Amino acid sequence: MAEPRIGVVGATGAVGSVTLELLAERGLGQVRAFASSRSAGTTVPYGGSELVVEEATKGALGSGELDLCFFSVGTGPSSELVPAAVAGGAVCVDKSSAFRLTDGVPLVVPEVNGDRAPSHQGIVANPNCSTIQLVCALAPLHEAGGLTSVRVATYQSASGAGAERMEALRSQPPADGDIVMDWDFEGDESEEESKLRAETRKILELPDLSLSATCARVPVLVGHSQAVWVETEQPLSPDEAREILAAAPGVTMTEKPTPRQAAGGDQVLVGRIREDRAGEGLALWVVCDNLRKGAALNAIQIAELLLASQALAA
Ligand SMILES: NC(=O)c1ccc[n+]([C@@H]2O[C@H](COP(=O)([O-])OP(=O)(O)OC[C@H]3O[C@@H](n4cnc5c(N)ncnc54)[C@H](OP(=O)(O)O)[C@@H]3O)[C@@H](O)[C@H]2O)c1
């Protein structure tokens, strides 16, 4: 396919705007921008020019005029609009949680399980931003030692909750002591915490992996941080883990990674690898730009895999 016809759905949002930026940098395809009726007729930057935003209706997306759609609109709108776009012949890379755990829908991080992407039946799901950076660090350790247990505490940025939350952080600096856990809770666990476990299990194909998470949002604009503790069947020393992760695709080892270092970059930064003084395994610190590798970039890499393997048609 020479010039895929691409729809960016959610183009006015935090992830959609980065998707447009990355597509323009790559010069990939003929791009159209879609969002809700609220934004229809406005414009969004695209390369050196602008695109007029179209309303994302089932009719427009299912018209047969699109080969590939990137969705970043949330679970409700995705549940309704993605099937319409697929019915019209587009392959959809969806960033919501609508289809991530659906049987037959590949949930893909190219560095980890990119080989799954071409098996799609019209939809490839993009994992949660926290899951993406976590599995980039876990997969090489699993391959070397066989993961048995993972504990993770997250420190997630405002941009993970969308453009409105970014604006709120810019315009109203938080009061001292503001750390929030603003996800829905089912019992004693937030949906972010249960997603992290379920998605990691699916991607690593470890349905019984023991994984416990505590997720929190911190007053940082871009870049999620994670403190991670892992145990493996074959013990790995900190030096062995450093060597493994230094060679891992998409991972850069750095001593003390921060969100500021990660923001605007494409790599998952891993550092502070040491023995877990309270357990049998290792402790590490993982940081990533949640809007790029955690969302838009990962989705574009999936599309590039599909294009390379000529798997764009469902
Ligand atoms: N932010 C992250 O780091 C991140 C990472 C991974 C995955 N995701 C997922 O990506 C999705 C979007 O996140 P975001 O952070 O970009 O949110 P956002 O900044 O709030 O943007 C939401 C976008 O969706 C559009 N939209 C909302 N309702 C719609 C509807 N009914 N029909 C068509 N378009 C609609 C909005 O258009 P209007 O401007 O017209 O309202 C806007 O373009 C979510 O599913 C989120 O879970 C986000």
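Residue indices begin at 1 and follow the sequence shown. Note that ligands are numbered from 1 as they come in the structure, with each ligand's atoms numbered from 1 the same way. Model, not experiment: these values are computed from the prediction.
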Does only the side chain of Ser78 get under 4.0 Å from ligand 1, or the backbone, or both, or neither? Count heavy atoms.
neither
What do we get for Ala35 next to ligand 1 when only non-hydrogen atoms under 4.0 Å count, side chain, backbone, both or neither?
both
Heavy atom to [atom], shortest distance: which of [options] holds it?
atom: atom 40 (O) of ligand 1; options: Cys288, Gly16, Ser39; value: Ser39
atom: atom 35 (C) of ligand 1; options: Ala295, Gly13, Ser36; value: Ser36
atom: atom 2 (C) of ligand 1; options: Val44, Val18, Val222, Val15; value: Val15
atom: atom 45 (O) of ligand 1; options: Ala299, Ala98, Gly74; value: Gly74
atom: atom 22 (C) of ligand 1; options: Ala11, Ser72, Gly294; value: Ser72

[atom]: nearest protein contact (heavy atom, Å):
atom: atom 8 (N) of ligand 1; result: Lys95 O, 3.9 Å
atom: atom 27 (C) of ligand 1; result: Arg38 NH2, 3.6 Å
atom: atom 15 (O) of ligand 1; result: Gly162 CA, 3.2 Å

Within the structure, is a non-hydrogen atom of Glu164 found at a distance of less than 4.0 Å from ligand 1?
no
Closer than 4.0 angstrom: is that true for some heavy atom of Asn128 and an atom of ligand 1?
no
Looking only at N/O atoms, are Val9 and ligand 1 under 3.5 Å apart anywhere?
no
Keeping to residues at least two apart or across chains, list the side-chain hydrogen bond (donor to acceptor under 3.5 Å, both in side chains) pairs with something in residues 255-265.
none
Quick test of your reading: applying salt bridge (charged side-chain N to carboxylate O under 4.0 Å, His left out), list the pairs with at least one residue in residues 37-57, sequence neighbours left out, ordered by first then second residue.
Arg32-Glu54
Exercise: do [X] and [Y] side chains pair donor with acceptor under 3.5 Å:
X: Glu186; Y: Ser194; result: no
X: Asp94; Y: Ser96; result: yes
X: Ser157; Y: Ser159; result: yes
X: Glu192; Y: Asn128; result: yes

Test of understanding: clusters of I, L, V, M, F, W, Y form through side-chain heavy atoms closer than 4.5 Å, transitively. Do Leu209 and Leu282 belong to the same one?
yes
